[in-house]
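Notes for the one structure printed next.
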Amino acid sequence: MNKIEHIGIAVKNLKDSNVLFSKLLGVTHYKTERVEREGVDTSFFKVGDNKIELLEATKPDSPIAKFIEKKGEGIHHIAFDVDDIETEIKRLKTEGFKVLNETPKKGADNKLVAFLHPKSSNGVLIELCQEIKH
Ligand code: ZN
């Protein structure tokens, strides 16, 4: 794995949180993107080399809606940048991690992504992401 690619934060209202995080970080978000299949609207901030992803549910059965219901707003996942997501998925399975997406899927911000179940990583939802090269 390479660096932390971004930290995902679950929020109730993306518009309000965009304003809040702009004040906090001193930059405005550089993109917003809906990931229809996941039922989320996302926005991304760049702070130095790091990124923050805000996530708001678009429907009641979205994983983000369920997360907020259970735990409230807050840090939802940590995403790591990887060079080869398929190899990394195989490696982590061999190491005993529970991989939620055996086949990587298209995520926000031009990435192939796969998640690890938080139960196998001390309660932290881990996202692997690989930049899609055109
Ligand atoms: Zn993410």
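Not measured: the values here are computed from a predicted model.
- More than 12 heavy atoms of other shown residues, nucleotides or ligands fall within 6.0 angstrom of atom CG in Asp61.
- A ring-ring contact (aromatic ring centres under 6.0 Å, His included) check over residues 87-111, counting only residues at least two apart or in different chains, returns nothing.
- Checked against salt bridge (charged side-chain N to carboxylate O under 4.0 Å, His left out), Glu5 has the following partners two or more places apart in sequence or in another chain: Lys51, Lys111.
- Applying the salt bridge (charged side-chain N to carboxylate O under 4.0 Å, His left out) criterion to Glu73, with sequence neighbours excluded, gives no partner residue.
- Put simply, Phe45 and Tyr30 are part of two different groups of oily side chains (I, L, V, M, F, W, Y) that touch within less than 4.5 Å, one to the next.
- Looking only at side-chain heavy atoms (C-beta outward), Thr42 and Lys31 stay at 4.5 Å or farther from each other.
- Residues Val113 and Asn101 have side chains not in contact (no heavy-atom distance under 4.5 Å, counting atoms from C-beta outward).
- In this structure Lys106 satisfies the salt bridge (charged side-chain N to carboxylate O under 4.0 Å, His left out) test with no other residue, sequence neighbours excluded.
- Closest heavy-atom contact between Ala65 and Pro60: CB-O, 3.3 Å.
- At a cut-off of 3.5 Å, with distance as the only test, a side-chain donor of His77 or Glu53 sits close to an acceptor on the other residue.
- With sequence neighbours excluded, no residue forms a side-chain hydrogen bond (donor to acceptor under 3.5 Å, both in side chains) with Lys66.
- When the side-chain contact (heavy atoms from CB on, under 4.5 Å) test is applied to Lys119, the partners found at least two apart in sequence or on another chain are His117.
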Verdict with reasoning, Val124 to Ile78, per side chain to side chain contact (heavy atoms under 4.5 Å, CB included)
CA-CA 7 Å; Val124 182; Ile78 298 179; 4.2 Å; yes
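- Applying the side-chain contact (heavy atoms from CB on, under 4.5 Å) criterion to Asn110, with sequence neighbours excluded, gives Glu131, Ile132, His134.
- A continuous path of Ile, Leu, Val, Met, Phe, Trp and Tyr side chains, each step under 4.5 Å between heavy atoms, connects Ile75 with Leu54, placing both in one hydrophobic cluster.
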Only pairs under 3.5 Å count here: list side-chain donor-acceptor contacts from residues 80-92, not counting sequence neighbours, and write none if there are none.
from: Asp81; atom 1: OD2; to: Asn2; atom 2: ND2; distance (Å): 3.0
from: Asp83; atom 1: OD1; to: Asn2; atom 2: ND2; distance (Å): 3.1
from: Asp84; atom 1: OD1; to: Glu86; atom 2: N; distance (Å): 3.2
from: Asp84; atom 1: OD1; to: Thr87; atom 2: N; distance (Å): 3.3
from: Asp84; atom 1: OD1; to: Thr87; atom 2: OG1; distance (Å): 3.3
from: Asp84; atom 1: OD2; to: Thr87; atom 2: OG1; distance (Å): 2.6
from: Glu88; atom 1: OE2; to: Arg91; atom 2: NE; distance (Å): 2.9
from: Glu88; atom 1: OE2; to: Arg91; atom 2: NH2; distance (Å): 2.6

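- In the hydrophobic clustering of this structure, Leu25 groups with Ile4; members are Ile, Leu, Val, Met, Phe, Trp, Tyr whose side-chain heavy atoms approach within less than 4.5 Å, directly or through other members.
- Residues meeting the ring-ring contact (aromatic ring centres under 6.0 Å, His included) test with Phe44, sequence neighbours left out: His6.
- When hydrophobic residues (I, L, V, M, F, W, Y) are linked wherever their side-chain heavy atoms come within less than 4.5 Å, the members clustered with Val40 are Val35, Leu55, Ile64, Phe67, Ile68.
- Both Ile7 and Val47 are part of a single hydrophobic cluster, where members link through side-chain heavy atoms under 4.5 Å apart.
- For residues 11-29, the pairs satisfying side-chain hydrogen bond (donor to acceptor under 3.5 Å, both in side chains) are Asn18-Ser43, with sequence neighbours left out.
- Here the side chains of Leu125 and Phe115 are in contact, with some heavy-atom distance below 4.5 Å.
- Contact check for Val27 versus Phe21: no side-chain heavy atoms found under the 4.5 Å cut-off.
- Remark: the backbone N or O of Gly39 is paired with a side-chain donor or acceptor of Thr58 at under 3.5 angstrom.
- Annotation: side chain of Lys93 is in contact with side chain of Glu102 (closest heavy-atom distance under 4.5 Å).
- Applying the salt bridge (charged side-chain N to carboxylate O under 4.0 Å, His left out) criterion to Lys105, with sequence neighbours excluded, gives Glu38.
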